[in-house]
Each structure stands twice: as structure tokens, then as C-alpha cells.
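First the structure, in the form of C-alpha cells, and then the observations on it.
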Amino acid sequence: MSVAHTVLASTNTGLAHFTQAPEPKKIHWLIEKGLHFKNHPLAQSHLGQGKTLALIFFNPSLRTRLSSHKAAMHLGLTVMSLNANEGWQLEFEEEVIMNSDRAEHVKEAAQVISQYADIIGIRSFPTLTNQEKDYADQVLNKFTQYASVPIISLESAIRHPLQSLADLMTINTFKTTPNPKIVLTWAPHPKALPQAVANSFAEWVLASGAELTIANPSGYDLAPEFRQGAIQCHDQAQAFADADFVYAKNWSSFEYYGQNLPVEQDWQITPEKMAWTNDAYFMHCLPVRRNVVVADAVLDSSKSLVIEQANHRTFAMQAVLHEILQHV
Ligand code: AN0
Ligand code: CP
């Protein structure tokens, strides 16, 4: 298999996995390809014929599951999906005595699934209790280590690359100037959530060559490797000034790992705060909690792009599958 022309990160196994942001030229290529498929979804409807995509979910999903199915169907692929927690519990540690409730090692499981599928998608959230383990992205990386077919991240412990690709497709579609002001803002949530969506959004926006402002309360700074290169501030009003896109997301603390720290001001996105911006578009990956993360009036306004972002998930996945299918 040749990886010379793939737009995806290749590894020393020679496989083209999709787990993080590729190089800038390739990001732009994927955005264009995704938007092309949006207009011509069935343009390559035979490419995947006779091939199978396996989707393995360790955690819940609405958009990722269905948009991945839809994208695969557009390319003629057959899809199998497994709720991993309803199957045998997998062991991911090496050289372990397997006398716990974990019945099967990922070493066998990944090789077995590779015989049934030509491409494997994996969704696996972080523990939010063990920073070192989470940031080693163990579940995703053990699958890429032991599978003999390409792996697509359907959101791992620390990244959500398909979401970010869809988000950049959305910004690309709606921007009216070459360099819009893009703001990623933390917003409240009753539960401790992963940093994955925010990490990836920052990674992709910055890798694409755009500028990014990140606003979050103190104690909520993202991991240094993800926020490096962004304009960082702890003041939402300052960040929102002249913004063209406001991307809201909750994440739990990286510094006080996995915790929901008390926050003094209200960081919910309201019409009053959107009035500070340059009539900005509102973005969120969904699922979103109304009147906690964002007020109804913002989410239901004509400037809300959340439904279009979700629409772009299908064509982001289709672009990635198309790219991989050329090489399997
Ligand atoms: C998840 C998260 O924050 O990572 C999935 C978002 C796509 N969100 C929730 O669990 C609410
Ligand atoms: N945005 C997103 O990935 O949604 P799901 O968790 O429903 O897949």
C-alpha cells in the first residue's frame, strides 16, 4: 500500500490513520473535498463496494454514529457497529495478569476486527481521573498499534478530529473575510466533560494557519501543547470584541485534572454577550444544554450554525473515508 499521496498522517506501520490534524495543505484539501461531497454526495458511490467499515463505540454518540453511517453509505461501504461496552470488556495494559473482569486483550480484538473490516473507527472518552493515561490516548493508540487496517478517531480521550474538520468546513462556508476573528470560549456545564473538542478545535484552527483566541476562566487553561500559538485570555468580554465566530464548549479543568472548578462569573453565551461581537456566528459541536451553555435566543437565532456543523459531519467523514479508500 502506498501512502505517498494520502492526506492523512501515516505511521511507521505504513497505514494512513486519521487521528489528529494533518499538515496545513492537507487540512485545506480535506475541507475542499468535504465541501465537494456536500454538493455531490454520490459522486463516488461505488468506491467502497465490497469493503467494510467497523465502528466501535466505547461511549454514546448521536452525530458521529449516524453521520459516519451516512458517509459510508454514500461511498458504497458496508457498515458494522459495535457498542464495545456491550461486548467483552477489553484489557489495554501490557503484560498484565488478566484475572479481572476484562475478558479480552486489545491485542487480539484489534487483529480480529481487522479481518472483518477494511477500516475501523473508534470512539473512546477519557477517564478524567488519570491525566497521564488519558493524554497517552491509550485506547486509540492500542488500536492503531495492533490493527492491520487504518483507524479513524471518532473522538478519543484528547481529540475529536472529525468534529474539527466539519467545524473548519463550516467556518469556510460562512466567513466573509479571508481572516475572520475566531474565538473558542469555555461555557458552563453541570458535568465534567472531556477537553477533546476544544483541544482539536484549537489544533485544527491553528494548523490551518488561522488565528485563534481562547477565552476561559482561570484554572481551565487547555494543555500547553494545544493552546500554544493561540491568543489566550481569561476575560470573555475582551475575547468577544470584534469576533466573527464564537465557538462555545465546556471542558473540565486540565490543571486540576477532570474537575469542575467553581467559576465566579457567568460564562453562559447570551444575546447580550453576542452583542459585543462583530455580529458573530455561534458554533457548538452538540449535544448542547440549553440555557446552561447557551441561551435559547442565541441557539435559535439565525446566526447559529450548530445544525449546519452537524450536517458537515457527514461530508467530513466522507472526505476522510474517500482519502483512506484510495489506499486500502
Ligand atoms: C462530549 C464531549 O464533551 O466530549 C461529546 C461531544 C461531542 N459531550 C458530552 O459528553 C456532553
Ligand atoms: N458532536 C458529536 O460528536 O456528537 P455525538 O457525540 O452525538 O457523536
Side-chain angles (χ1 to χ4, degrees), residues 18-21 34 53 55-72 79 81-85 121-129 131 134-135 137 139-140 152-171 184-204 214 216 220 222-223 226 247-254 257-261 267-269 282-294 299 304-321:
F18 181 77
T19 57
Q20 59 186 43
L53 168 67
L55 301 173
I56 316 289
F57 287 91
F58 289 88
N59 302 95
S61 168
L62 185 155
R63 277 145 292 276
T64 306
R65 186 187 287 265
L66 295 180
S67 64
S68 296
H69 267 259
K70 184 80 180 170
V79 184
S81 76
L82 176 71
N83 294 331
N85 295 329
I122 304 284
R123 165 163 285 203
S124 166
F125 286 176
T127 62
L128 293 182
T129 54
Q131 186 188 79
D134 286 348
Y135 273 69
D137 224 355
V139 174
L140 181 70
I152 297 177
S153 167
L154 306 174
E155 185 175 351
S156 77
I158 55 170
R159 289 186 176 89
H160 196 354
L162 285 167
Q163 182 65 50
S164 307
L165 175 54
D167 296 336
L168 288 193
M169 286 167 60
T170 310
I171 291 173
L184 168 63
T185 178
W186 185 91
H189 198 283
K191 287 178 63 184
L193 295 187
Q195 294 113 31
V197 170
N199 286 346
S200 263
F201 186 72
E203 182 179 63
W204 280 71
I214 307 177
N216 54 262
Y220 282 98
L222 294 173
F226 288 106
Y247 194 108
K249 181 71 182 85
N250 171 267
W251 60 87
S252 58
S253 175
F254 174 77
Y257 193 66
Q259 290 184 41
N260 256 2
L261 311 169
W267 282 67
Q268 184 182 147
I269 317 301
F282 173 79
M283 298 179 72
H284 190 281
C285 63
L286 304 182
V288 72
R289 296 206 181 210
R290 285 175 172 266
N291 304 311
V292 177
V293 172
V294 54
L299 195 58
S304 172
L305 298 180
V306 299
I307 305 301
E308 195 57 7
Q309 284 172 262
N311 184 32
H312 286 154
R313 290 294 308 275
T314 298
F315 306 106
M317 181 58 155
Q318 194 168 342
V320 169
L321 287 171

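Indexing begins at 1, ligand by ligand and atom by atom, following the structure's order.
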Practice item. Could you give me the CA-CA distance, side-chain angles and deciding distance for His189 and Trp267, then say whether side-chain contact (heavy atoms from CB on, under 4.5 Å) is met? Key: CA-CA 10 Å; His189 198 283; Trp267 282 67; over 6 Å; no
Review point. Is there any N or O on Lys249 that sits under 3.5 Å from an N or O of ligand 1?
Key: yes
Point to revise | Side-chain touch Pro126/Gln131, heavy atoms, less than 4.5 angstrom | key: no
**Study point:** Atoms of ligand 2, numbered as shown, that sit under 4.0 Å from any heavy atom of His160
**Key:** 2 (C), 3 (O)
Check your understanding: For ligand 2, which atoms sit closer than 4.0 Å to a heavy atom of Leu286?
Key -> 1 (N), 2 (C), 4 (O)
Check your understanding: In terms of residue, atom name and distance, what is the protein heavy atom nearest to atom 7 (O) of ligand 2?
Key -> Leu62 N, 2.7 Å
**Study point:** Test of proximity, Glu155 against ligand 1: N or O pairs below 3.5 Å
**Key:** yes
Check your understanding: Near Pro194, which atoms of ligand 1 are under 4.0 Å from a heavy atom of that residue?
Key -> 2 (C), 3 (O), 4 (O)
Check your understanding: So, Gln268 side chain and Pro188 main chain: donor-acceptor pair closer than 3.5 Å or not?
Key -> no
Review point. Where is the nearest protein heavy atom to atom 9 (C) of ligand 1: which residue, which atom, and how far?
Key: Leu193 CD2, 3.7 Å
Study note, to complete from the structure: Ranked by distance from atom 1 (C) of ligand 1, the top protein heavy atom is Phe125 CZ, 4.0 Å
Point to revise | Non-hydrogen side-chain atoms of Phe254 and Asp134 separated by less than 4.5 Å | key: no
Exercise for review: For the residue pair Arg159 and Thr19, confirm or rule out a side-chain donor-acceptor distance under 3.5 Å.
Suggested key: no
Point to revise | Protein residue, atom and distance nearest to atom 2 (C) of ligand 2, heavy-atom basis | key: Arg313 NH1, 3.3 Å
Point to revise | Protein heavy-atom partner closest to atom 4 (O) of ligand 2 - residue, atom, separation in Å | key: Arg63 NE, 2.8 Å
**Study point:** Residues that Phe282 engages under ring-ring contact (aromatic ring centres under 6.0 Å, His included), provided they are two or more places apart
**Key:** none
**Study point:** Which of the ligand 1 atoms, numbered from 1, are nearer than 4.0 Å to a heavy atom of Leu286
**Key:** 7 (C)
**Study point:** Shortest protein heavy-atom distance from atom 6 (O) of ligand 2, along with the residue and atom involved
**Key:** Arg123 NH1, 2.8 Å
**Study point:** Verdict with supporting geometry, Phe57 and Leu82, side-chain contact (heavy atoms from CB on, under 4.5 Å)
**Key:** CA-CA 6 Å; Phe57 287 91; Leu82 176 71; over 6 Å; no
Point to revise | Proximal ligand 2 atoms for Cys285, defined as those under 4.0 Å from one of its heavy atoms | key: 1 (N)
Review point. Does the side-chain hydrogen bond (donor to acceptor under 3.5 Å, both in side chains) test come out yes or no for Ser200 and His160, once each step is laid out?
Key: CA-CA 6 Å; Ser200 263; His160 196 354; over 6 Å; no
Point to revise | Heteroatom proximity flag, Pro287 to ligand 2, N/O under 3.5 Å | key: no
Check your understanding: Can a non-hydrogen atom of Thr64 be found less than 4.0 Å from any atom of ligand 1?
Key -> no
Review point. Are Leu53 and Met317 close enough that some pair of their side-chain heavy atoms sits under 4.5 Å apart?
Key: yes
Review point. Between Asp167 and Gln163, do the side chains contain an N or O donor and an N or O acceptor separated by less than 3.5 Å?
Key: yes
